[in-house]
Structure formats: C-alpha cells, structure tokens
Amino acid sequence: MKKGLLIVLSGPSGVGKGTMYSRLLKLLPDLTVSVSVTTRPPRDGEIDGVHYYFVSREKFLEMRDSGMLLESAETVGNFYGTPKAPVLEKLDAGRDVLLEIDVKGARQIKQAYPDCVTVFVLPPSVEELRRRLIGRGTESEEQVGARLALAKSEIEQSGLFDYRVVNEDIDVAVGEVIKIIENSKRSE
Ligand code: 5GP
C-alpha cells in the first residue's frame with residue numbers, strides 16, 4: 001500500500017502557524033494530526049490529549065530516552081516531542097500526517113524521514129512578529145524577548161527547509177501550503 005505523506009509545518013513562535021495548521025485541517029479533511037507531548041503547563045482553554053499531552057519533565061525524559069518520540073526539542077525552557085507510534089501507524093495506513101513543530105524538531109524529522117515535506121512559515125518582518133507575540137498576550141515581556149531571539153536564529157535556518165511561505169495574508173499563505181501538499185502528492 002502507498003504510504004502517506006508526512007508534512008512538517010515549522011517557523012517561529014507567533015508567526016501564525018497554529019492558525020494555518022487549523023485552517024489546513026479544515027480545508028484538507030484527509031489530513032491527520034499528531035498530538036505532541038510537552039512539559040509546558042496548559043494555557044487557558046487547552047485540553048490534555050487534544051492540544052497536547054501535558055506531562056512532567058520526568059515522564060517526558062523517560063519517553064524520549066526509551067525511543068517513544070519521533071523527535072524532541074527543548075524550546076524556551078520546555079520540552080516538546082512527537083509520539084512516534086501513532087504517526088508511523090498512520091503513514092503506514094496511507095494517511096497523510098501534518099505536524100506543527102519547532103525548527104530543531106523539523107530538522108530531526110527531515111534527517112530521519114527524508115521523504116517528508118518541510119515548510120517554514122516566515123513572518124513579513126521581525127517587527128511584525130514582535131507585534132503579534134505581544135498582541136497574543138499569553139507570554140510575559142521576558143518570554144516575548146526569548147521567543148523573538150529564538151525566532152531570529154530560526155529564520156536564519158529557514159534555507160534548510162524544502163519550502164518557505166510568508167504569512168502576510170493568512171488565506172494566501174494557507175493556499176500556498178495546499179499547493180505544496182498537492183504537488184508533493186502528485187510527484188510521489
Ligand atoms: P507553544 O508553547 O506556543 O504551544 O509552542 C511552542 C513551540 O513548540 C512552537 O514553535 C511549536 O510549533 C513547537 N512544538 C509544538 N509541539 C512540538 C513537538 O512535538 N515537537 C517540537 N519539536 N516542537 C513542537
């Protein structure tokens with residue numbers, strides 16, 4: 001049976017990739033998702049098992065060290081990782097899987113699964129990213145500073161991705177990702 005396509009959407013925090021991810025799932029109903037594991041505490045409205053599996057640091061390290069994660073990364077003080085078994089099962093069953101993960105994780109996945117398609121979402125500018133992060137109101141000033149510093153180094157690595165999409169207008173950006181997915185499936 002033909003394997004599914006693994007699509008990795010990455011980019012700096014606050015760039016809007018979470019919104020793009022939700023839109024892609026609505027517009028492409030055949031796409032499936034992976035629920036990540038994190039040591040970050042839940043934000044208001046986030047549900048365990050839906051947005052993330054919220055686990056302790058000990059549990060996370062145990063999962064990572066026993067090979068249960070496809071990739072993992074520490075970003076601004078918290079661990080994040082993709083559970084391996086559910087993703088591989090879906091791909092084997094021919095289902096496409098969309099991951100929304102950070103740059104370190106995306107690079108690990110590309111190395112382990114070169115057939116995956118990696119897309120980096122860029123902000124129109126770093127200044128615009130700062131405005132979006134502050135506007136979101138979920139982080140302290142210090143956290144915004146840390147996320148922006150990380151964003152700059154991530155943007156420098158965007159050339160390692162298969163595709164780059166600027167999220168200035170969300171509809172246009174989502175449309176570009178859909179074209180990338182469709183073309184990748186055609187040329188498989
Ligand atoms: P947030 O704390 O805002 O939910 O996510 C912070 C960052 O972690 C985002 O860039 C998000 O894409 C990334 N992230 C979420 N899940 C994973 C994962 O499973 N693995 C990796 N490497 N990064 C993740």
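First listed ligand is number 1; within each ligand, the first listed atom is number 1.
Looking only at protein heavy atoms, the nearest one to atom 12 (O) of ligand 1 is Glu100 OE2, 2.7 Å. The nearest protein atom to atom 15 (C) of ligand 1, hydrogens excluded, is given as Tyr52 OH, 3.2 Å; this is a heavy-atom distance. Nearest protein heavy-atom contact of atom 6 (C) of ligand 1 is Tyr80 OH, 3.5 Å.
Listed by number with element, the atoms of ligand 1 under 4.0 angstrom from any heavy atom of Gly105 are 22 (N). Near Ala73, meaning under 4.0 Å from one of its heavy atoms, ligand 1 places the atoms 22 (N). Per-residue contacts place Ser36 under 4.0 angstrom from the following atoms of ligand 1 (heavy atoms of the residue considered): 16 (N), 17 (C), 18 (C), 19 (O). Every atom of ligand 1 with a heavy atom of Arg40 under 4.0 Å away is listed here by number and element: 1 (P), 2 (O), 4 (O). The Arg147 neighbourhood of ligand 1 comprises atoms 2 (O), 3 (O), 6 (C), with distances under 4.0 Å to a heavy atom of that residue. Under a 4.0 Å criterion applied to the non-hydrogen atoms of Glu71, ligand 1 contributes the atoms 18 (C), 19 (O), 20 (N), 21 (C), 22 (N).
Checking only distances, Glu46 never comes within under 3.5 Å of ligand 1, N or O to N or O. Checked by distance only, ligand 1 and Ser13 stay at 3.5 Å or farther apart across all their nitrogen or oxygen atoms. The shortest N/O to N/O separation between Asp102 and ligand 1 falls below 3.5 Å. Residue Arg136 places no N or O, backbone or side chain, under 3.5 Å from any N or O of ligand 1.
Ionic pairing of Glu182 and Lys185 is not present here: no N-O contact between side-chain nitrogen and carboxylate oxygen is shorter than 4.0 angstrom.
The closest approach between Gly81 and ligand 1 falls below 4.0 Å for a heavy atom of the residue. By the 4.0 Å heavy-atom criterion, Glu139 is excluded from the residues contacting ligand 1.
Cluster membership for Leu150 and Val8, using ILVMFWY side-chain heavy atoms within less than 4.5 angstrom, is not shared. Cluster annotation: Val117 is connected to Leu27 through the hydrophobic network of ILVMFWY side chains, with a link wherever side-chain heavy atoms come within less than 4.5 Å.
Taken to the nearest 0.5 Å, the OG atom of Ser153 stands 11.5 Å off from the CG atom of Leu148. Note that the CZ atom of Phe161 and the CD atom of Glu154 stand 8.0 Å from one another [nearest 0.5 Å]. Put simply, CG on Leu98 and CD on Glu100 are 8.0 Å apart, with the number rounded to the nearest 0.5 Å. Considering NZ of Lys2 and CG of Leu5, their distance stands at 9.0 Å, rounded to 0.5 Å. The distance from atom OG1 of Thr118 to atom OH of Tyr113, rounded to the nearest 0.5 Å, is 15.5 Å.
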Practice item. Give the intermediate values and the outcome of side chain to side chain donor-acceptor pair (under 3.5 Å) for residues Ser72 and Arg64. Key: CA-CA 7 Å; Ser72 72; Arg64 187 192 69 182; 4.7 Å; no
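Using a distance-only test at 3.5 Å, with no hydrogens or angles considered, a donor-acceptor pair links the side chain of Glu71 to the main chain of Thr82.
Between atom 9 (C) of ligand 1 and the options Gln108, Lys17, Arg43, the minimum heavy-atom separation is to Lys17.
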